[in-house]
Amino acid sequence: MMITLLSIKDFFSTLFASYSADEHSINRLFIIYSLFSLFVVLLIGGAIILFIIKYNSKKKPEEPKQIFGHKNIEIIWTVIPFLIVMYFLFETVRTMNSISSPVQEGKRPDVIVIAHQWWWELRYPNARVITANELHIPVGKRFLMEIMSEDVIHSWWVPGLGPKMDAIPGRPNLSWISANTQGIYSGSCSEYCGTQHAGMRINVIAENSADYYKWVKHQQTAPDVPKDSIAQKGAMLFNQKACLGCHSISQDFNKMHVGPDLSHFASRQTILSGMLSNTRENVHRFLEDPQKVKEGVLMPNFRMKEDELNKILTYLEELK
Ligand code: CUA
């Protein structure tokens, strides 16, 4: 009971939360529609209740006055809904226009979002950075995203920051994203895309400009060569086990990524597209039996021995 009440409270407190100008416009439109709908429900519901009471009295059945055709009433019930619908159209077009403002000719997207079953590849074409699942943006700057898919239809949605946008194979879509306050904003895939649709979460990390550019600079550097001898053995195993067949540690823009680029894996807060926090225990659990942790995932079970797992885990921890 308590959990249900808390969930309801949580639902309403996050329903109208907005952390960007775009989301603010969307919420405004949502409130306009909701208030009008509420008014209609109260009007109709109220009239039904009123008439039930008035004309259902067993003691004194009373036949209402019958009206056959009434020009004025007909004009009123045509004109008022027409004006309301026109107002909705005006507000909707205005909101759509403000959230999807035109893109200058020749402008390259700030980030390319590529949806995969079941994770998000994030490419920053200008900065030459490739990462996964955690989108970093600077506070106060509007980023242009090009959203596409490698397999089936997915949908990008971070409710606190802006509109939903479908990721469709072969048809890139453009959408803007911004945040006016620092923070981590969560979202998820919003178009059913298979077994792990629910395990395809998004975290947007909005930082101040200095931190953002620091992050970019760090991502641009190649990961350090492992110093620790166990990590060095882990790096060798990483090559032997053909991990590079799907994952790269080079942020190669020409490569089609089957699994996330792991160049700076240890600098991410979560693994498996936001499903678990990035701790040694969680990565261990996943590598030991990927299907048990994320059913349907493409990652094969390499049936590694405990000491092999330890080497790989130590190596991954060094990919800061
Ligand atoms: Cu991807 Cu649902």
Side-chain angles (χ1 to χ4, degrees), residues 7 10-11 14-15 17 20 22-23 26 30 99-100 109-125 129-137 143-177 179 184-206 245-248 253 255-262 265 268-278 282-283 285-286 289-301:
S7 324
D10 214 42
F11 172 74
T14 53
L15 188 61
S20 74
D22 288 347
E23 189 53 33
I26 294 170
F30 180 54
I99 59 175
S100 53
D110 296 291
V111 58
I112 299 170
V113 175
I114 307 170
H116 297 256
Q117 281 175 315
W118 291 279
W119 61 284
W120 303 92
E121 181 179 342
L122 305 167
R123 295 178 169 214
Y124 294 71
V129 164
I130 299 181
T131 183
N133 306 320
E134 290 174 13
L135 177 71
H136 286 248
I137 56 169
F143 261 25
L144 181 64
M145 300 188 292
E146 186 176 56
I147 300 174
M148 55 180 88
S149 168
E150 267 307 323
D151 35 53
V152 298
I153 299 176
H154 304 262
S155 190
W156 171 274
W157 194 28
V158 182
L161 298 183
K164 192 186 281 184
M165 183 53 82
D166 280 351
I168 301 168
R171 194 203 177 287
N173 279 326
L174 292 174
S175 184
W176 295 94
I177 193 164
I184 299 174
Y185 303 95
S186 51
S188 66
C189 178
S190 304
E191 180 72 45
Y192 183 71
C193 55
T195 317
Q196 286 298 337
H197 162 65
M200 200 170 161
R201 296 173 205 164
I202 306 162
N203 280 309
V204 175
I205 300 166
C246 298
H247 299 279
S248 61
F253 269 75
K255 188 177 161 167
M256 218 282 278
H257 290 77
V258 178
D261 183 280
L262 300 175
F265 173 75
R268 292 181 204 150
Q269 300 178 11
T270 57
I271 59 167
L272 308 176
S273 202
M275 279 176 79
L276 297 170
S277 51
N278 188 1
N282 285 338
V283 182
R285 263 174 66 204
F286 180 62
D289 190 351
Q291 293 304 320
K292 200 172 157 191
V293 179
K294 192 166 186 173
E295 197 194 332
V297 73
L298 286 178
M299 173 85 180
N301 187 341

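Both ligands and their constituent atoms are indexed starting at 1 by order of listing.
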Inset, instruction - Please confirm if an N, O or S atom belonging to S155, backbone or side chain, lies less than 2.8 Å from atom 1 (Cu) of ligand 1. - result: no
Legend entry - atom 1 (Cu) of ligand 1: angle it makes with SG (C189) and SD (M200), nearest 10 degrees: 110°
Inset, instruction - Write the atom name of the N, O or S atom in H197 that is nearest atom 2 (Cu) of ligand 1. - result: ND1
Inset, instruction - Report yes or no: does K294 contribute a side-chain atom to a donor-acceptor pair with the main-chain N or O of M275 at less than 3.5 Å? - result: no
Legend entry - Q269 side-chain N/O to S277 backbone N/O, donor-acceptor pair under 3.5 Å: no
Legend entry - Sidechain-backbone polar pair: E191 side chain, H154 backbone, donor-acceptor under 3.5 Å: no
Inset, instruction - Check E191 and report its N/O/S atom nearest to atom 2 (Cu) of ligand 1, by atom name. - result: O
Inset, instruction - Specify whether an N/O/S atom of C193 falls short of 2.8 Å from atom 1 (Cu) of ligand 1. - result: yes
Legend entry - Closest approach of P260 to A132 (non-hydrogen atoms, all atoms of both residues): CB-CB, 3.7 Å
Inset, instruction - Check whether any side-chain N or O of Q117 sits under 3.5 Å from a backbone N or O of C193 as a donor-acceptor pair, and report yes or no. - result: yes
Inset, instruction - Could you tell me whether any N, O or S atom belonging to H154 is less than 2.8 Å from atom 2 (Cu) of ligand 1? - result: no
